[in-house]
Number of protein chains: 2
Amino acid sequence: MGRKRVTMADVALAAGVSPTTVSLVLSGRGNELRISDAVQQRVHAVSDEMGYRPNIVSIGLSKGTTRTLGFVSDTVATSQLAGDLIKGALEAAREHGYMLFIGETEGDAASEQQLLDAMLDRQVDGIILASMFTRLRPLPPALEDVAAVLLNTLPLEPTTVPAVVPDEYAAGRAAARALLDAGHRQIHLVGAGPEAHAVSAGTVAGRERLSGIRDALAEEGLEPASGHVIRDWLPENGRRAVADLLTAFPAPGALLCFNDRLAFGAYQVLQEAGLRVPDDVSIVSFDDAPLAEWLEPGLSTFAIPHEALGRRSVELLLELVHAGQSGGPVGAPPGTVHRLDMPFLVRGSIAAAR
Amino acid sequence: MGRKRVTMADVALAAGVSPTTVSLVLSGRGNELRISDAVQQRVHAVSDEMGYRPNIVSIGLSKGTTRTLGFVSDTVATSQLAGDLIKGALEAAREHGYMLFIGETEGDAASEQQLLDAMLDRQVDGIILASMFTRLRPLPPALEDVAAVLLNTLPLEPTTVPAVVPDEYAAGRAAARALLDAGHRQIHLVGAGPEAHAVSAGTVAGRERLSGIRDALAEEGLEPASGHVIRDWLPENGRRAVADLLTAFPAPGALLCFNDRLAFGAYQVLQEAGLRVPDDVSIVSFDDAPLAEWLEPGLSTFAIPHEALGRRSVELLLELVHAGQSGGPVGAPPGTVHRLDMPFLVRGSIAAAR
DNA sequence: CGGCACTGCTAATCCGGCTTAGCAAGCGCT
DNA sequence: AGCGCTTGCTAAGCCGGATTAGCAGTGCCG
């Protein structure tokens with residue numbers, strides 16, 4: 001510990017040339033600036049032998065770019081579902097030679113400001129502002145001076161900052177479609193509905209899923225057979241809702257649960273009531289929590305494409321960064337909302353209607 | 001986007017003093033270097049008004065310290081359980097004014113080397129090398145030149161680098177103790193055992209849990225009633241193991257599962273077999289996955305203290321960093337292994353033996 | 001045989017802050 | 001008047017690399 005790093009000056013000394021020459025050779029401008037092949041080879045050899053690595057901090061100081069991005073989320077890093085969000089971002093960043101600062105605000109505006117400042121102080125090239133669950137939020141003013149992308153978040157007011165979100169509406173449509181295709185006509189919602197906009201406040205995902213579901217049903221001239229607005233989508237609330245449902249509809253043919261934890265609660269209550277999945281009750285859900293795979297039978301669910309979301313947000317951000325540095329063009333117009341497909345994982349929880 | 005940052009020179013110009021003076025005043029050395037109160041106040045006022053923030057990159061260049069740490073893991077960021085590991089690290093870092101680079105190696109040595117280099121190139125002050133599950137590993141040579149801490153990982157050979165791990169042995173003892181105290185004498189192991197060292201290779205946690213369990217039983221003159229070595233601790237394997245168990249022991253009084261996913265499999269099979277938790281079968285487990293809380297009845301389990309592990313590793317690392325910078329002393333001797341308590345979360349899965 | 005272009009390399013400057021040495025003005029003392 | 005001390009501030013150099021202007025040496029040409 002504490003052994004000194006090899007600097008360009010060290011290499012220059014060992015190779016018997018000036019630091020300028022080393023810089024030119026290693027940056028590939030040797031031919032352009034007419035450094036002889038002999039010297040170029042010597043510099044490369046000495047540099048490799050000494051294990052020279054350029055100090056990115058120094059480059060950051062003079063060029064103003066650090067090959068570093070900031071990833072600020074409310075609680076995304078700690079969420080059960082969303083580790084893959086970071087994983088996708090991390091991978092995409094590394095593929096482009098960038099590193100990621102990660103920060104969590106816990107939803108606190110002061111923390112957020114502090115975190116953004118800390119990242120800006122470290123000269124990050126761009127910032128991803130992420131949320132654990134899709135939501136609307138105002139854009140912090142600190143983001144005006146830097147390339148930025150919203151992840152799993154939509155801006156409260158129109159802005160030039162692009163956003164990346166899952167396509168919840170399409171998933172809602174497809175979920176209803178899957179049950180309709182299996183011949184179900186009586187579809188009960190667990191978590192929201194049955195009327196339009198009957199969703200607990202603040203959940204963009206719920207609203208869009210419901211909207212997609214209702215539109216798909218409407219195309220067949222149908223309405224949801226029933227629905228329950230639930231504030232927190234937890235197993236115990238799913239249990240309660242489905243228990244209630246069974247008193248009114250002792251044999252519901254199909255359940256559309258607004259997430260996997262609710263579906264888990266449904267499984268528990270159905271099993272206790274002697275109803276079998278999928279023979280008696282078909283179930284479709286959203287999120288693809290790990291749980292979904294562990295249930296018996298496996299739960300068919302629309303996955304939030306966390307890894308793809310993280311990856312895409314980094315790629316968009318890097319596009320912005322490079323465009324900003326070179327003055328070049330950006331692919332999509334400013335403020336574009338990118339909606340990513342939610343893959344349908346078909347497991348054993350759907351059967352044909354009887 | 002692109003508005004220029006305020007530099008110290010800007011502040012100096014606006015305040016009508018030299019950059020040196022601004023530096024002295026803002027670093028608190030104004031009195032020491034005899035800057036008049038009037039000038040000091042003016043500098044502070046102008047600096048605040050202009051929203052000046054020092055460029056940490058620049059400081060990093062001259063002082064060699066960036067107030068930044070690296071967090072390199074195999075797959076910890078994406079693991080279901082271990083988001084809290086990062087959360088604890090993130091919080092502790094922020095409390096000390098440090099930021100964290102996060103990187104994932106996916107267990108690949110080349111990726112790891114690349115990631116460590118990328119962090120070292122960015123002049124991190126220290127590095128945490130973490131693992132998703134407790135394991136033994138050799139120390140990469142790149143860590144010799146920098147302050148480092150192992151997290152959830154033990155060095156293969158003696159080293160000066162400290163490590164932070166959960167105290168699995170103590171948890172194993174306490175788990176057995178909890179069942180013994182409830183009067184159980186026939187304790188079946190799901191996931192390992194019954195003999196000493198009967199654990200699938202490479203899992204330090206399993207070995208230490210088993211060791212603690214066997215020691216606690218031995219103190220009462222007991223041995224595990226049965227055991228199953230299981231390679232992957234997944235629900236389906238838990239189901240299979242407990243189904244097998246029930247053919248040999250139709251009424252097992254107590255199950256000690258080596259993690260919560262195995263316990264989940266046990267719940268499923270027991271319920272199908274008409275056995276009730278905890279009235280017919282008591283269950284204790286390890287990990288405190290979110291699942292444990294959602295089961296009916298709730299699963300009593302020993303939590304991996306992820307947040308505390310992350311937090312402690314950062315605190316240890318900062319101790320090393322500061323000791324290295326000031327030449328000062330470190331709390332614990334080099335190479336100390338810090339074992340953190342695994343809290344016992346008592347839910348509804350234990351009843352008195354009949 | 002002087003002027004010019006070309007070759008091959010280096011000195012100097014900058015990025016933004018920290019650090020150390022040192023300068024000018026004012027004052028008291030002998 | 002001359003010396004030294006204190007007060008209040010600044011110039012200059014450094015960290016490690018990128019960039020640009022420019023400097024010797026050589027060969028060619030008129």
Side-chain angles (χ1 to χ4, degrees), chain A residues 2 4-44 46-47 50-68 120-125 325, chain B residues 2 4-44 46-47 50-68 120-125 325:
Chain A
K4 223 181 105 257
R5 268 181 83 97
V6 177
T7 73
M8 210 163 74
D10 299 331
V11 175
L13 196 63
V17 297
S18 74
T20 305
T21 303
V22 176
S23 172
L24 293 174
V25 171
L26 296 184
S27 66
R29 307 211 310 151
N31 289 330
E32 181 190 340
L33 269 286
R34 300 186 307 265
I35 307 295
S36 66
D37 284 354
V39 169
Q40 294 210 35
Q41 283 175 21
R42 185 148 41 93
V43 167
H44 275 123
V46 170
S47 162
M50 299 179 75
Y52 169 71
R53 308 205 96 232
N55 182 334
I56 294 194
V57 171
S58 167
I59 299 175
L61 180 57
S62 50
K63 306 233 288 189
T65 170
T66 50
R67 300 188 77 75
T68 299
L120 260 16
D121 290 350
R122 284 169 179 77
Q123 304 284 94
V124 294
D125 295 336
Q325 280 166 8
Chain B
K4 223 180 105 260
R5 269 179 83 96
V6 178
T7 72
M8 209 163 75
D10 299 332
V11 174
L13 196 63
V17 296
S18 73
T20 306
T21 303
V22 176
S23 172
L24 293 175
V25 171
L26 296 183
S27 66
R29 306 212 309 150
N31 289 329
E32 181 189 342
L33 269 286
R34 300 185 307 262
I35 307 296
S36 67
D37 284 354
V39 169
Q40 295 212 34
Q41 284 176 22
R42 184 148 41 92
V43 167
H44 275 123
V46 170
S47 162
M50 299 178 76
Y52 169 72
R53 309 204 94 232
N55 182 334
I56 293 194
V57 171
S58 168
I59 298 176
L61 181 56
S62 52
K63 306 234 287 188
T65 170
T66 50
R67 301 189 76 76
T68 299
L120 261 14
D121 289 350
R122 285 168 179 78
Q123 304 284 94
V124 294
D125 295 336
Q325 281 167 7

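By convention in this document, chain letters (A, B, ...) are assigned in the order of the sequence lines, proteins followed by strands, and residues within each chain are numbered from 1.
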Closest listed nucleotide, where the reference is the side chain of A:Ser23 and the choices are D:dT19, C:dC9, D:dT10: D:dT19
Interatomic distance, A:Ile56 CD1 vs D:dC15 C1' [rounded to whole Å]: 16 Å
Between P of D:dT20 and NZ of A:Lys63, the distance in whole Å: 10 Å
Contact under 4.0 Å: A:Tyr52 side-chain N or O vs D:dG17 OP1/OP2: yes
Atom pair distance, as rounded to whole Å: CZ in A:Arg67 and P in D:dG17: 16 Å
Closest listed nucleotide, where the reference is the side chain of B:Met8 and the choices are C:dC18, C:dG8, D:dG16: C:dC18
Euclidean distance, atom CG of residue B:Leu33 to atom P of D:dT7 [Å, nearest integer]: 13 Å
Nearest-neighbour nucleotide for the B:Ser36 side chain, C:dC9, D:dA18, D:dC9 considered: D:dC9
Nucleotide nearest A:Val17 when distance is taken to its side chain, options D:dT19, C:dT10, D:dA12: C:dT10
Integer-rounded Å distance: C:dC15 P and A:Gln123 CD: 13 Å
Nucleotide of C:dG16, C:dT20, C:dC9 approaching A:Val39 most closely (side-chain heavy atoms): C:dC9
Minimum-distance nucleotide (side-chain atoms of B:Leu61 versus C:dG8, C:dA12, C:dG16): C:dG16
Residue A:Leu24, side-chain heavy atoms: nucleotide from D:dG16, C:dT7, D:dT20 that is nearest: D:dT20
Closest to side chain of A:Ser18, choosing from C:dG17, C:dT10, D:dG16: C:dT10
OP1 or OP2 of C:dT19 under 4.0 Å from side-chain N/O of B:Ser62: no
Separation of atom CZ in B:Arg29 from atom C1' in C:dT20, rounded to whole Å: 9 Å
Listed nucleotide nearest any side-chain atom of A:Thr20, set D:dC9, D:dT20, D:dG17: D:dT20
Side-chain N,O (B:Thr21) to OP1/OP2 (D:dT10) below 4.0 Å: yes
